[in-house]
Amino acid sequence: MSGSSSSTHKTTRTSGCDPSSLETGRSSKIQVSNQRSESSLQALPEAPAKVSWRERLRHFTWSQFEITMGTGAMAALMAQQPNSFEGVRTIGKIFFLLDIILFALFTGCIAFRFFDNPRAFKKSLHHPHESFFFGAYWVSIAFILYNMQEYGVRACGPWLVQTLEILYWIYVGCVLLVVVFQYHIIFDEEVLPVSEVMPAWLLPAYPFLILGPLSADLLNSQPAESGVPILIGGIMFAGFGWGIAFIMYTLYFTRLITRFLPTEPKRPGMYVAVGPAAYTANALVSLGMKAPKILPPDYLGITSGIPAGEIWRAVGVPAGIFVWLLGFWFFSLATISVLKGFHKMHFTLNYWSFVFPQAGLTIAAIEIGNVLESSTIKGLTSGMTILLVVAWIAVSVLTIKGILDKQCLWPGMDEDEEEMESEGFIWSRE
């Protein structure tokens, strides 16, 4: 019996290579889904008009950590401002403290969900939508470490420097396990059509995109003996993240060419595609600029008279500038798509994609402006920062309104919606 099931599973996946069989199979799935939906409308009870907060917390999903991603990214952005003053750093500290509070609160909420319903944890890791947002939890931790370096080291001293080194390598080990086993679970348990690919499918590997800038930031205070491994690790982890992103870019671009744009409520999620190019550009430029201070002059046996760190910088900075424009292109594409379908959009947690990818694009532009000593670029990034602060405030207000208006943390309105079918509820997100 199990062998038969496995065979059917593999047949379904391999048939996707033939476009005609894919369309036939997809049409059959749609017909079955429609029949199932029609029978469900008669058999299942309506979702309740009122639910307790205990019940609402049962629908607290991994996607809620997009909020902490956005808040942490804003704190990081404030720390990198080229035209900075003490008030800007104070605003950054407020973002950082709020991020820590929200992360602790959200961790407690999702722990309650899994404690209250133990089966939900396993479901969340192979759910066709929610599972990808498990990466948002780990990206949030990366931003906390980044901001600990920016706002904590000055006040706490050497003990925090060593602590951050230890936490960095523990974090690396954790996200390596996540990216291997999370994608394995998705590959093994789910059959997801390429025609529906979204940039959020990259989120399990997103921590590696943040590891590059995090590595460069830690090098501001790490001694040479611990700095060299972090520098090498930073470029390796950024390369891995970029490699996975490049594969996903190919699938995503194929979807955009061969299918329509995502539906209007999902279009804010298109901004997630900005992040890989933005944070990779940030990593290449930042690590390149730190290399001369960290690497020994004769590193890798280079004895030509040019220090190894200078060669690293000469390669890294142009490479970062080379990549940055791709992120801006995805930003422009997403912006046009959102503006075109804005009148049909309603609030979802995807709105937080207005914040954290663009924060990475702005930080990378700041790094490029600093390297090129361009006052024009620095001025533009200050304007971009102001727009992002406005966006963060607007999305925060919409999030609070969404909770009060039952647009999230409500049965059938979150990424765990398929679980509702097994509990006997029907709903409409229109």
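- Taking the six-membered ring where the residue is Trp, Phe132 and Trp201 present parallel rings, their angle staying beneath 30° rather than reaching 60°.
- Proximity of a side-chain donor or acceptor of Arg56 to a complementary backbone N or O of Cys408 within less than 3.5 Å is detected.
- For the atom pair CD of Gln80 and CG of Leu77, the computed distance is 8.5 Å after rounding to the nearest 0.5 Å.
- Residues Glu264 and Lys340 have side chains not in contact (no heavy-atom distance under 4.5 Å, counting atoms from C-beta outward).
- Nearest heavy-atom pair across Pro357 and Ala278 is O-CB, 4.3 Å.
- The environment of Lys266 atom NZ is sparse: at most 12 non-hydrogen atoms of other residues, nucleotides or ligands sit within 6.0 angstrom.
- The distance from atom OG of Ser140 to atom CD of Gln64, rounded to the nearest 0.5 Å, is 11.5 Å.
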side-chain contact (heavy atoms from CB on, under 4.5 Å) between Ile141 and Tyr171, intermediate numbers included: CA-CA 8 Å; Ile141 295 176; Tyr171 178 79; 3.8 Å; yes
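- Counting only heavy atoms from C-beta outward, the side chains of Val371 and Met289 approach each other to under 4.5 Å.
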side-chain contact (heavy atoms from CB on, under 4.5 Å) between Leu231 and Trp312, worked out: CA-CA 11 Å; Leu231 177 68; Trp312 191 299; 4.2 Å; yes
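- One distance of note links CD of Gln149 with CG of Leu167; it measures 12.0 Å at 0.5 Å rounding.
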Pair up each side-chain donor or acceptor in residues 236-251 with any protein partner under 3.5 Å, not counting sequence neighbours, and list the distances.
{"from": "Tyr249", "atom 1": "OH", "to": "Ala273", "atom 2": "O", "distance (Å)": "2.6"}
{"from": "Tyr249", "atom 1": "OH", "to": "Ala277", "atom 2": "N", "distance (Å)": "3.4"}
{"from": "Thr250", "atom 1": "OG1", "to": "Phe246", "atom 2": "O", "distance (Å)": "3.0"}

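- Closest of all the heavy-atom pairs between Tyr206 and Pro276 is OH-CD, 3.8 Å.
- A donor atom on one side chain and an acceptor atom on the other are not found under 3.5 Å apart for Tyr137 and Thr68.
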From CA spacing to verdict: side chain to side chain donor-acceptor pair (under 3.5 Å), Thr348, Gln407: CA-CA 7 Å; Thr348 68; Gln407 292 179 308; over 6 Å; no
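- In the model, Thr385 has a side-chain atom that pairs as donor or acceptor with a side-chain atom of Gln81 under 3.5 Å.
- At least one donor-acceptor pair under 3.5 Å links the side chain of Arg267 to the backbone N or O of Ser337.
- With contacts defined as side-chain heavy-atom distances shorter than 4.5 Å, the pair Val355/Met74 qualifies.
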Worked check of ring-ring contact (aromatic ring centres under 6.0 Å, His included) between Phe106 and Phe60: CA-CA 8 Å; Phe106 290 1; Phe60 194 98; 5.4 Å; yes
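- Judged purely by atom type and a 3.5 angstrom limit, Asn147 uses its side chain to pair as donor or acceptor with the backbone of Ala76.
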Worked check of side-chain contact (heavy atoms from CB on, under 4.5 Å) between Phe347 and Lys401: CA-CA 9 Å; Phe347 174 76; Lys401 185 176 182 294; over 6 Å; no
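- In terms of heavy-atom proximity, Pro292 sits nearest to Gly288 at CD-O, 3.3 Å.
- Within 6.0 Å of CZ in Phe328 there are 12 or fewer heavy atoms belonging to other residues, nucleotides or ligands.
- Aromatic ring centres of Phe95 and Trp392: separated by under 6.0 Å.
- With rounding to the nearest 0.5 Å, the separation of CD1 in Ile100 from CE in Met148 is 7.5 Å.
- The closest donor-acceptor contact from the side chain of Asp188 to the backbone of Ile185 lies at 3.5 Å or more, if one exists at all.
- Between the side chain of Gln182 and the main chain of Ser131, a donor-acceptor pair closer than 3.5 Å is present.
- Of the N and O atoms on the side chains of Glu130 and Ser63, not one donor lies less than 3.5 Å from an acceptor on the other residue.
- Closest approach of Thr107 and Phe65 over heavy atoms only: N-CZ, 3.9 Å.
- Here the side chains of Phe208 and Val179 are in contact, with some heavy-atom distance below 4.5 Å.
- Glu165 has its side chain within reach of Gln222: a pair of non-hydrogen atoms, C-beta onward, lies under 4.5 Å apart.
- No donor-acceptor pair under 3.5 Å is formed between the side chain of Ser286 and the backbone N or O of Pro213.
- For Thr399 and Trp352, the side-chain atoms include at least one donor-acceptor pair closer than 3.5 Å.
- Under the 4.5 Å side-chain criterion, counting only non-hydrogen atoms from C-beta, Glu196 is not in contact with Arg259.
- Pro207 approaches Trp138 most closely through the heavy-atom pair CG-CB, 3.8 Å.
- Arg255 CZ to Phe260 CZ: the interatomic distance, rounded to the nearest 0.5 Å, is 11.0 Å.
- Note that CG of Leu398 and CD1 of Ile393 are 12.0 Å apart. Values are rounded to the nearest 0.5 Å.
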Audit row: Leu287, Leu219, side-chain contact (heavy atoms from CB on, under 4.5 Å) steps and yes/no: CA-CA 9 Å; Leu287 290 171; Leu219 293 177; 4.1 Å; yes
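- Side-chain contact check for Leu125 versus Phe181: every heavy-atom pair is 4.5 Å or farther apart.
- Here the closest non-hydrogen pair linking Ser353 and Tyr271 is O-CB, 3.2 Å.
- Ring geometry for Phe187 versus Tyr183: interplanar angle under 30°, hence parallel rather than tilted (30 to 60°).
- At a threshold of 4.5 Å between non-hydrogen side-chain atoms, the residues Ile110 and Trp62 count as touching.
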